[in-house]
Amino acid sequence: MMQPLFISIAAVAALSAAQELPQGYAPIPVPCPTDLQWVRPAVGLNPAEADWVQGRKPVVLEALRTYLERLELADFDMGEYIARLNDSHQAHVPIIGMAISGGGFGSAFTGTGAMRAFDGRLPAANTQRTGGLLQTLTYLSGLSGGSWPTVSFTAHNFPTADEIVDYWKPEIDRIYNVENTTADAATEVTMFEQIATKFEAGFDVGVSDYLGRAYAYEFIPGEEGGLNTTYSGIRQLSKFLSHEMPMPIIHLAEVGSGDLEYDGLWVPQANRSLFDVTPFEFGAWEGSVRAFTPTEWLGNRLSNGQPVNDSVCVRGFDRDSLIIGSSADAFNFWYLEAVSNDTLGQFAKRAVTLSDLDGIIEGFEEVFGLNLTQSAYAVYPNPFANLSLSSGVAHTAPELTLVDGSETGQTIPFWGQIQPARNVDFIFAWDDSQDASPYSWNNGTNLYNTYRAANATGLPFPVIPPVNTLMNMNYTTHPAFFGCNASRTTTGDERAPIVMYMANAPYSAYTNYSFTQSATSREQMQEIFENSFNIVTQGNGTWDAEWAECIGCAVVERSLARVGMQRTHQCTRCFERYCWNGELDERTPAVMNPSLILDPSEGFAEWNATNPF
Ligand SMILES: *[C@@H]1O[C@H](CO)[C@@H](O)[C@H](O)[C@H]1NC(C)=O
Ligand SMILES: *[C@@H]1O[C@H](CO)[C@@H](O)[C@H](O)[C@H]1NC(C)=O
Ligand SMILES: *[C@@H]1O[C@H](CO)[C@@H](O)[C@H](O)[C@H]1NC(C)=O
Ligand SMILES: *[C@@H]1O[C@H](CO)[C@@H](O)[C@H](O)[C@H]1NC(C)=O
Ligand SMILES: *[C@@H]1O[C@H](CO)[C@@H](O)[C@H](O)[C@H]1NC(C)=O
Ligand SMILES: *[C@@H]1O[C@H](CO)[C@@H](O)[C@H](O)[C@H]1NC(C)=O
Ligand SMILES: *[C@@H]1O[C@H](CO)[C@@H](O)[C@H](O)[C@H]1NC(C)=O
Ligand SMILES: *[C@@H]1O[C@H](CO)[C@@H](O)[C@H](O)[C@H]1NC(C)=O
Ligand SMILES: *[C@@H]1O[C@H](CO)[C@@H](O)[C@H](O)[C@H]1NC(C)=O
Ligand SMILES: *[C@@H]1O[C@H](CO)[C@@H](O)[C@H](O)[C@H]1NC(C)=O
Ligand SMILES: *[C@@H]1O[C@H](CO)[C@@H](O)[C@H](O)[C@H]1NC(C)=O
Ligand SMILES: *[C@@H]1O[C@H](CO)[C@@H](O)[C@H](O)[C@H]1NC(C)=O
């Protein structure tokens, strides 16, 4: 993805000689706090998160009422439902999440389009009665490309999608051919200078820092590409404090010895721990780490839950840019795919060539003297060493080695939301992982993989049929619900959320543009937004006039039982149409190559002739 770097030896010497580098990207030394609980076992919810969720409930209740008033479900006593939810300190208010898959600039923008179609601030969304659901979310999770909107919306204090595009200026390319550093983009030299401040302060640096810096000029607020904007800082933003935005959750995967190794690079096994990063804490719920540390204090090396150096601690490691760069750091995969002619490190994505990667590898070699295995991963000082709650390298190593959360095969970031401590009732899952080759649509593999992993781990999740069935049932071109009935969940009870699966597909535009497309015109963004709007609303109800109500039925379903109300006839009808009923169709499906769903007469060639992207 990178242009070859042209960093002169003089520039390298100047960098390494500079003792008085500005305090920019480097974590800042501070006295160690004396009253901090440095780690907590992964049991139950973090108390600060629990308080925040409690504070979010009355706001969600109000948003749910506004949404349901517009929706007007048939034979549903909305007033009674809201009143019952309000009883007992809103304990029964549904906890709703949205998860945006990986898929680079593809999922980042199509997923933003889906958020937009649920936004009660968009009049067209309210007309279609999907508007208002964004306001009911308690959690918003993302990984890889999906982490960009997830962090961006929350770090920008939750603007609308149309507003955020003006902040992003997506038409500017931050990756290739940046000639001069401006407020909107930085040259490679500038970014290496920024990263050097962290390196000089004694921290490992690598590709995750570089990618993060480049993407941050688009997605992160603050001067110099949000240089000093921290992820834990989201807690101080007004709409977070007033509980008017969802809480972001970002996923990273761990790699290390014990994983498969090729050319000196690791590829995580599917059962590797997925890390959960929220503005409150960083850690994992199960696997090699079963503990969390405060995100604000990331960057400190701990042993058995105490700082190794207790006279000087650091803050400011958790830059937003590092978080989005780490979550999207699939460098090991790209490299292995490139050197092995696509036989190793298989991802859905096959657009990166070795020459694209050379520049960045050389840069780390030239500037920092780091070889490929040293710069490929996101390396964080390990907060979990010598803990009874960690094992393997996470127990013994001074650093945690982290990569793109997609690499365990779960590109839709469900994992944090299906932890029983979070009690999530309903998840909007947006899939644009582009795993259906060769046309980069979706085949549901990642949804299925999470079901398999959840079942193997004992976590509640809907049962998901295999990919052939998902494709043959058209669930990868039209939204569907999973887990409506408790019998079709891994635990056989109502602890599993209902999942509404939506895959990017061509409704009004062919939105299977490359995940590496690093500049996007406003015209194309409008087409992407309209296409996602058409997916979410099913062509403004042209596919099924009752679709909007069916979404509402699924959203309230889990909470209905808790407040002693019955599923309505309308909702029963909806569930017959949209809930997977256990049927399998395992015939080999046709290649995913749909024509425009709202206008099948317009094939790609015809559309492409009039649309310059
Ligand atoms: C919930 O109950 C409280 C206290 O009775 C009341 O002030 C509030 O308006 C109710 N909220 C809703 C959404 O009904
Ligand atoms: C970059 O700066 C140089 C020197 O000031 C200028 O000549 C050039 O036009 C600039 N390039 C861009 C893309 O702005
Ligand atoms: C970040 O830098 C800006 C100026 O560039 C400054 O106003 C702000 O206080 C800084 N924030 C933090 C958290 O250091
Ligand atoms: C992960 O899978 C590998 C290979 O199947 C196995 O050897 C290892 O024990 C598993 N690890 C865990 C934590 O289950
Ligand atoms: C702790 O870190 C500071 C700053 O890097 C250093 O000066 C000091 O020697 C360290 N103390 C110990 C005990 O390692
Ligand atoms: C890579 O694989 C493709 C398809 O299998 C094959 O056509 C091509 O020759 C291979 N290239 C190299 C350099 O091995
Ligand atoms: C990179 O350097 C480290 C430390 O010297 C070494 O262990 C590792 O094998 C090197 N990797 C490669 C690919 O040369
Ligand atoms: C679905 O996608 C996965 C991941 O790219 C791929 O391995 C698999 O072959 C695909 N299956 C079908 C039926 O397209
Ligand atoms: C899936 O869509 C195709 C093409 O529109 C259609 O022919 C087929 O009947 C659909 N299958 C199901 C199960 O709805
Ligand atoms: C979960 O996995 C077990 C063991 O492989 C299997 O027997 C069981 O059928 C699975 N349950 C579901 C609901 O998929
Ligand atoms: C649905 O409504 C949106 C917003 O008004 C519009 O952009 C879109 O083209 C409409 N779709 C259809 C199929 O009419
Ligand atoms: C789409 O159109 C562009 C010109 O706008 C052309 O370069 C490209 O080859 C076309 N793609 C396909 C697959 O026809």
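For the single chain, residues carry numbers from 1 onward in sequence order. These values consider heavy atoms only, across backbone and side chains, with no hydrogens, waters or symmetry-generated copies. Each ligand, and each atom within it, is numbered from 1 in the order the structure gives.
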Quiz item: Would one find an N or O of Q90, backbone or side chain, under 3.5 Å from an N or O of ligand 1?
Solution: no

Self-check item: Options T181, T182, N180, ranked by nearest heavy atom to atom 3 (C) of ligand 2, top entry
Solution: N180

Quiz item: Are E527 and S508 linked by a side-chain donor-acceptor pair shorter than 3.5 Å?
Solution: no

Exercise. Would you tell me whether C553 and C574 have their SG atoms within less than 2.5 Å of each other?
Key: no

Self-check item: Protein contact for atom 9 (O) of ligand 2 (heavy atom, distance under 4.0 Å)
Solution: no

Quiz item: So do the side chains of S559 and Y81 get within less than 4.5 Å of each other, counting heavy atoms only?
Solution: yes

Quiz item: Quick one: are I535 and N504 in side-chain contact, heavy atoms under 4.5 Å?
Solution: yes

Quiz item: Under 4.0 Å from atom 14 (O) of ligand 2, is there any protein heavy atom?
Solution: yes

Self-check item: atom 4 (C) of ligand 9 [closest protein heavy-atom partner, distance rounded to 0.1 Å]
Solution: N474 ND2, 4.7 Å

Practice problem: Could you list the atoms of ligand 1 found under 4.0 angstrom from a heavy atom of E62? | Solution: 13 (C)

Practice problem: Give the ring-plane orientation class for Y210 versus F192, where under 30° counts as parallel, over 60° as perpendicular and anything between as tilted. | Solution: tilted

Quiz item: If you take all heavy atoms of E549 and A545, which pair is closest and at what distance?
Solution: OE1-O, 3.7 Å

Quiz item: Are T477 and ligand 9 in contact, using a heavy-atom cut-off of under 4.0 Å?
Solution: no

Self-check item: Protein contact to atom 2 (O) of ligand 1 [nearest heavy atom, distance to 0.1 Å]
Solution: N86 ND2, 2.2 Å

Quiz item: Hey, is N472 touching ligand 9 through its side chain, its backbone, both or neither, going by heavy atoms under 4.0 Å?
Solution: backbone

Practice problem: Would you mind checking if E49 and R422 are paired as a salt bridge, meaning a charged N to carboxylate O distance below 4.0 Å? | Solution: yes

